[in-house]
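Quick caveat, the model's predicted, so the values are computed rather than measured. The chains referred to below are lettered A, B, ... by the order of the sequence lines, with proteins before strands, and numbering in each begins at 1.
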Number of protein chains: 2
Amino acid sequence: MIALPSPQQLRFLLALAEHGHFGRAADACAVTQSTLSAGLLALERLLDARILDRAAGKRVVFTPLGLDLVGRARTALMALTAIPEAANAARATLTGPLRLGVIPTIGPFLLPRLMPALREAFPDLRLFIREDLTDRITAQLLDGKLDLILLALPCTCAGADTFAVTRDPFFAAMPQDHPLALLDIIPPATLAMQKLLLLEDGHCLRDQALSACGLARGESPPGGLDDFAATSLHTLAQMAAGGLGVTLLPRIAIDAGVTAGTNLALRPIGGEGASRTLGFAWRPNTPRAAEYRSLAPLLAAAG
Amino acid sequence: MIALPSPQQLRFLLALAEHGHFGRAADACAVTQSTLSAGLLALERLLDARILDRAAGKRVVFTPLGLDLVGRARTALMALTAIPEAANAARATLTGPLRLGVIPTIGPFLLPRLMPALREAFPDLRLFIREDLTDRITAQLLDGKLDLILLALPCTCAGADTFAVTRDPFFAAMPQDHPLALLDIIPPATLAMQKLLLLEDGHCLRDQALSACGLARGESPPGGLDDFAATSLHTLAQMAAGGLGVTLLPRIAIDAGVTAGTNLALRPIGGEGASRTLGFAWRPNTPRAAEYRSLAPLLAAAG
DNA sequence: CCAAAATGATCGATTTTATCGATTAAAATA
DNA sequence: TATTTTAATCGATAAAATCGATCATTTTGG
């Protein structure tokens, strides 16, 4: 039988890879530097292989094999972590820590309504929330830094299991005195010819809004206002109110009052495509998938 | 930080699931029964969950959660084992134990030529060989009971990475006085109308032979001789020599003398499709994939 | 239905292992 | 060059894993 590394040794290895520094890695593992150092030496002895390149002075430099082992250690540790997670999930649904990632075009508008409902339904849930772009939180999800993410479909989040919950339609927003405000329903083709205000690149809502107007991703909006791409839906609404152009706002943002105090007129958009779908995504094979699914009604109620 | 189970505890769990008996599982782990018992109790305490149903008397009965955890333990243990394997692979290529699975239509014909070459090229390789149908060895591969399998493509071995090495063409075999023996090359369509002798179900060669004649898998051969399906290529050759019909034999079997001492005529088959491809398959992400690939030249030389 | 065998849990003793705090030697930095 | 930073090392101590023996049930055979 081959001797296996201990989970603790793998944690040491991962922490060292992340911090590049024995002392800080030891802190992250809540052990002393000598313990971490000894653990890594023991791992090298166990594997009969060099993980660190000690010729490189006192800096932490991994050998090629060491880098490979870091990845394998991460995989193994995640598989190991899934075991107590499965046991916890079987004992009680949605208790204990849950690291949730949210995208910036959902978080500020939905969380204020979602959180109280969550606290009431699952009082023992300790929710850690991190807000970032879809790409980033997806990467963190797959890395094991997050357990669950709340995002808007369609999006590119390969490698994660996605679960659609509720539709969130877009509304066209323009000043009250804008010619388009005379229409009750705005046809997408009409929108495509306007000065269209968008979020900056990286926001999935930007692509979804373009798609809702029948434009391809990357296709420049006709207004040519790319340099003024907004960084949040709040600034987007303010820019539209200032007469810079027309924009699309998701209903949850409007419900949360993103247009409050402005002179913006809101009009539904014709056709079926002018919407995004709010949903969750999690790691495939996570033992807690069933728990996560049980969050859907709460999200649907909040959206 | 969540407390993780120790690799030893996972080994105990797997051994118990496999043997269904504390004493035998303890033997398999090379520990005493009390150690294994205590280890499992510690695991249940760690996870705060019941793994075994102790209401079921002295028999070993797993709870539903327990069964789930067995699968997760297997996954985690395989990920853990990959770490020392990667270290070993980096140190020396193709040394130490290698558990090889072979299908019955390859093993008896190719191994006698392949093994000496292997021993010469990799003297420190300790090869354990297991012969069984494609389905079975594929399942054992994915279970971690085998490291590498030698099989014939195309086949259904989902979940494994396959690596084609060399073509192995089929020849039509019939008695010297059979009318078909007058042809130099046998067209596949002609074969499809003969009394076609096949291996019994489960052999991938059966399906490949049918496909070579333009018949679909499951489609009964015209002779209606299914009840006499052969269990090995040797009996298949003997049956053809006895005048029961026509059959297809792969070249490696002919080269190994499967038709020696018979009156069988061997004819190539027209077209390109009348062949199988010999190759390897391994678990995705195995650290030894590069080593396994280095076996290809030896296999090609032996085929 | 009862006695004998088998089985898994438990206990105390022993060995092994992990961790800490302090120290040292080597590098990086100023 | 002097000083600080950094990783390795050492000795002591606490924690754990494992063993052998034993106990309490359950299963099996007559």
Query raised in the report: Within a strict 4.5 Å, meaning less than it, do heavy atoms of the B:Ile83 and A:Leu69 side chains meet?
Result: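 Side chain of B:Ile83 against side chain of A:Leu69, heavy atoms only: contact under 4.5 Å found.
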
Query raised in the report: For the side chain to side chain contact (heavy atoms under 4.5 Å, CB included) test, which of B:Ile149, B:Leu133, B:Thr156, B:Ile103 pairs with B:Thr138?
Result: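 Testing each of B:Ile149, B:Leu133, B:Thr156, B:Ile103 against B:Thr138, the sole residue satisfying side chain to side chain contact (heavy atoms under 4.5 Å, CB included) is B:Ile149.
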
Could you check how far [atom1] of [X] sits from [atom2] of [N], rounded to whole Å?
| X | N | atom1 | atom2 | value |
| --- | --- | --- | --- | --- |
| A:Leu36 | C:dT17 | CG | P | 19 Å |
| A:Gln33 | C:dT23 | CD | P | 15 Å |
| B:Phe62 | C:dG8 | CZ | C1' | 14 Å |
| B:Arg45 | D:dA15 | CZ | C1' | 13 Å |
| A:Leu43 | C:dA18 | CG | C1' | 15 Å |
| B:Glu44 | C:dG8 | CD | P | 14 Å |
| A:Phe12 | D:dA7 | CZ | C1' | 15 Å |
| A:Ile51 | D:dA7 | CD1 | C1' | 15 Å |

Query raised in the report: Under 4.0 Å between a side-chain N/O of A:Thr35 and OP1 or OP2 of C:dA18, yes or no?
Result: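 The answer is no; no side-chain N or O of A:Thr35 sits under 4.0 Å from OP1 or OP2.
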
Report task. Output yes when at least one side-chain N/O atom of A:Thr32 is less than 4.0 Å from OP1 or OP2 of C:dC20, else no. Result ->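 For C:dC20, OP1 or OP2 has a side-chain N or O of A:Thr32 closer than 4.0 Å.
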
Just compare [options] and give me whichever is closest to any side-chain atom of [X].
| X | options | value |
| --- | --- | --- |
| A:Leu41 | C:dG8, D:dT9, D:dA7 | D:dT9 |
| A:Phe22 | D:dA7, C:dT10, D:dT18 | D:dA7 |
| A:Val31 | C:dC20, D:dC19, D:dA8 | C:dC20 |

Query - Under 3.5 Å: donor-acceptor pair, side chain of A:Arg283, backbone of A:Leu141 - result: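 A pair under 3.5 Å: yes.
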
Query raised in the report: Between the main-chain N or O of B:Ile51 and the side-chain N or O of B:Glu44, is there a donor-acceptor pair closer than 3.5 Å?
Result: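 Indeed, once roles are kept as given, a pair shorter than 3.5 Å links the two residues.
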
Query raised in the report: Charged N to carboxylate O below 4.0 Å: is that the case for B:Arg91 and A:Asp48?
Result: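 Looking at B:Arg91 and A:Asp48, the cut-off is met.
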
Report task. Would you kindly compare B:His21 and A:Ala42 by the position of their nearest DNA chain C nucleotide and give the one closer to the 5′ end? Result ->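 Closest to the 5' end, via its nearest nucleotide, is B:His21.
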
Query raised in the report: Across the strands shown, which category fits A:Ala30 at heavy-atom distances under 4.0 angstrom: base, sugar-phosphate, nothing?
Result: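 If one applies the 4.0 Å heavy-atom cut-off, A:Ala30 turns out to touch the sugar-phosphate alone, with no base involved.
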
Report task. Classify the nucleic acid contact of B:Gly23 as base, sugar-phosphate or nothing, counting any heavy atom under 4.0 Å across all strands shown. Result ->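 Sugar-phosphate contact only - B:Gly23 comes under 4.0 Å of backbone atoms but never of a base.
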
Query raised in the report: For the side chain of B:Ser34 and the base of C:dG8, is some donor closer than 3.5 Å to an acceptor across the two?
Result: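 Side chain to base: no pair below 3.5 Å.
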
Query raised in the report: Is there a donor on the side chain of A:Gln8 or the base of C:dA18 sitting less than 3.5 Å from an acceptor on the other?
Result: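 No, the side chain and the base share no sub-3.5 Å donor-acceptor pair.
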
Query raised in the report: Say you draw a straight line from CE of B:Met115 to CG of B:Leu298; how long is it, rounded to the nearest 0.5 Å?
Result: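 Reported to 0.5 Å precision, the distance equals 12.0 Å.
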
Query - Between CG on residue B:Leu295 and CG on residue B:Leu118, distance to nearest 0.5 Å - result: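 Taking CG in B:Leu295 and CG in B:Leu118, the distance rounds to 6.0 Å.
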
Query - Sequence-distant partners of A:Asp143, side chain to side chain donor-acceptor pair (under 3.5 Å), two or more places apart - result: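 Here the qualifying residues are A:Lys145.
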
Query - Dot-bracket notation for DNA chain C, counting Watson-Crick and G-U pairs under 3.5 Å, with | for partners on another strand - result: ||||||||||||||||||||||||||||||

